[in-house]
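First up is the structure itself, then whatever we jot down about it.
Only this structure's heavy atoms are used, side chains among them; waters, hydrogens and symmetry mates stay out. Start at 1 and go down the list; that is how both ligands and their atoms are numbered.
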Amino acid sequence: MSKYTSLRGFKDILPDEIGRWRWAESIAHETFATFGFSQIRTPILETTELFTRSIGEATDIVEKEMYTFKDWDGKNVTLRPEGTAPVVRAYLEHHLGAQTPLWKLYYTGPMFRHERPQAGRLRQFHQIGAEVIGDIDPRQDVELLSLLTRFFERTQVTDLTLEINSLGCPVCRPDYRAALQAYFEKYLPELCDDCQRRFKTNPLRILDCKKEGCKAIAKNAPSPIDHLCAECREHFKAVREGLDQLAIPYEVQPHLVRGLDYYTKTAFEMTTRKLGAQNAVAAGGRYDGLIEALGGPPTPAIGFAVGMERLVQLIDPALVPASRLQLFLAPLGKAAGAALFPILLALRRKNIRSEMGSENVGLKSQMKRADRLGAEHVLIVGENEIAQGKAILRNMATKAQEEIPLSTLAETLSEKLS
Ligand code: ATP
Ligand code: MG
C-alpha cells in the first residue's frame, strides 16, 4: 500500500457502491421534476460570513466544524457545511425573486464539517436538498413533506418515521427560551460542558445534545409547542391537517430542534432505527427569517436535506439495475487481436457496451474480467477460429454457444445485441 491514504472522515466511493448512488440520484432528479423543482448548482467555497450569519454563531457547525481558511488575498473562505445558505445567497445575488415570486430549487453535492468521524458521520458527506422560497402557506410545508415521503417511497427504503415539530418564530421564541432556561437552571451543574455553555448562548441546542445525562434531563423540558403564538399554532395545525388529508404518517416530536439557528415554525426529521445512533436520514424546516437576515426582502421559505451516505446504506442493492457489459471480446493471439479491434470500435459506434480482453493473456483470465464486468455475451476468437473464418459467441447466462462467420461479425453482433 502507498503511504498516502485518504483523510480521516473522507471516503472514496468505489465502483461496487456507485450503482446505488446513481440510482438514488436518478430517482431524486425524477421526483424533483415531478414536483416542479429546478436544479441549482452553487460553488463549494463561499465567504465565511455567509455561514456565520445564517447558521448562527452559537451552533456546533460554526463554533467548531467549519473548514475555514484564508484565501491568497487574505479573505476568509469556508467549504460549505450545508446547502441552504449558498442557495439563498444565489437567489439574492441573481435577483431570482424579481423574476417570479415562488422558486422551488434543489441541489446535490458534497458538504464539509469537521466532526468526530464515526459510523454514519463523515467530514465530507453528500446531501440532496430542496428549498421552496417565497410562500408562507402551510400547504408548501405539506407539499414538501409529501415530496420527501414520495422520494423515500421510490427508493423503497422502509421503516422510516417522519417526526415533526414547530419551533415558533421571533414573536414566541423569547417566551419559550425563557421557559427553557427556567427549566434547565435547576440542572445546570449536571449538564455537560457544552450544554452549560449552550444554556446561556442557545438553550434550544440542549434539546439536541447526544449525551445520555443531558438527554435524561431534557426529557421533561418544556416544548416549543406549548409556547407558540396564535399564528404559529394555526400554521402547525394546518400542516398536521394537510398531512392527515394525504394520509402521510408522522409523529409529533415535541423536543425536536435543529442544529442551525435559522429555523422557524415547522421543523422535521426522517429517522430510521436501522442505522444505530446516527438515525436521521433527512432533516429540514421553515426558515422564514433567513433571507431577510442575509440582506434580502422578508421572504418565507422551507427546505430539507437528505444525507446521501445514510440513504445509500439503506438501499437494497438487489433493486439497483446493474450496468452490465453487453459483449466481451476475447482474442487469443496476435492475429485474433488485430481482427477484433476494429470490430470493437464498430460496435461501440452502435452504442453497444463492449470491451475487449488482452490477446496476450489466457482465456481463463479474460473470462474473469468478463465476469467482473457482468458481460452478457463473450465472443471467443483463437488461432483455429481465424483459420476457419468464424468466431464463437457464448451466452453467459444460458452457456449456449453459436458460431458466427468472421466476415459478417460486426453486422451480426450489432443486430443480435442492440
Ligand atoms: P445530525 O443530527 O445527524 O448531526 P444534522 O442535524 O447535523 O444531523 P443537517 O445539517 O440537517 O443534519 O443535515 C441533514 C442530513 O444530512 C442529516 O439528517 C444526515 O442524514 C446528513 N448528515 C449531516 N451531517 C452528516 C455527517 N457528518 N456525515 C454524514 N451525513 C451527515
Ligand atoms: Mg450534526
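- Using a distance-only test at 3.5 Å, with no hydrogens or angles considered, a donor-acceptor pair links the side chain of Q366 to the main chain of S358.
- For the pair R240 and F236, the cation-pi criterion (under 6.0 Å, within 45° of the ring axis) is fulfilled.
- Side-chain atoms of D137 do not come within 3.5 Å of backbone N or O of Q140 as any donor-acceptor pair.
- Salt-bridge annotation for K64 and D194: present, with a side-chain N of the basic residue lying under 4.0 Å from a carboxylate O of the acidic one.
- For ligand 1, the atoms closer than 4.0 angstrom to any heavy atom of A305 are 14 (C), 15 (C).
- In this structure, of M308, Q127, R258, K210, the residue bringing a heavy atom nearest to atom 13 (O) of ligand 1 is Q127.
- Taking a cut-off of under 4.0 Å to the non-hydrogen atoms of A282, the atoms of ligand 1 that pass are 18 (O).
- Using modelled atom types, one finds no donor on one side chain facing an acceptor on the other under 3.5 Å when comparing H255 with D208.
- Residues passing the side-chain hydrogen bond (donor to acceptor under 3.5 Å, both in side chains) test with R258 are E269, sequence neighbours excluded.
- Taking each of R113, R123, E269 in turn, the one with a heavy atom nearest to atom 5 (P) of ligand 1 proves to be R113.
- Considering G120, A280, G307, P81 only, the shortest heavy-atom separation from atom 18 (O) of ligand 1 involves A280.
- Only the backbone of V281 comes within 4.0 Å of ligand 1, judged by heavy-atom distances.
- Ranked by closest heavy atom to atom 31 (C) of ligand 1, the top entry among F125, F304, Y263, F112 is F125.
- Of all non-hydrogen atoms in L256 and L167, the two that sit nearest each other are O-CD2, 3.4 Å.
- Contacts between R121 and ligand 1 below 4.0 angstrom, taking non-hydrogen atoms only, involve backbone and side chain alike.
- Across V306, D60, D208, L122, heavy-atom proximity to atom 28 (N) of ligand 1 is greatest for L122.
- Every atom of ligand 1 with a heavy atom of E115 under 4.0 Å away is listed here by number and element: 24 (N), 25 (C), 26 (C), 27 (N).
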Handout entry: CA sep, side-chain torsions, deciding dist, call: H227, C172, side chain to side chain contact (heavy atoms under 4.5 Å, CB included)
Key = CA-CA 6 Å; H227 294 264; C172 45; 5.5 Å; no
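- Atoms of ligand 1 found under 4.0 Å from any heavy atom of A283, numbered from 1 in the order shown, are 11 (O).
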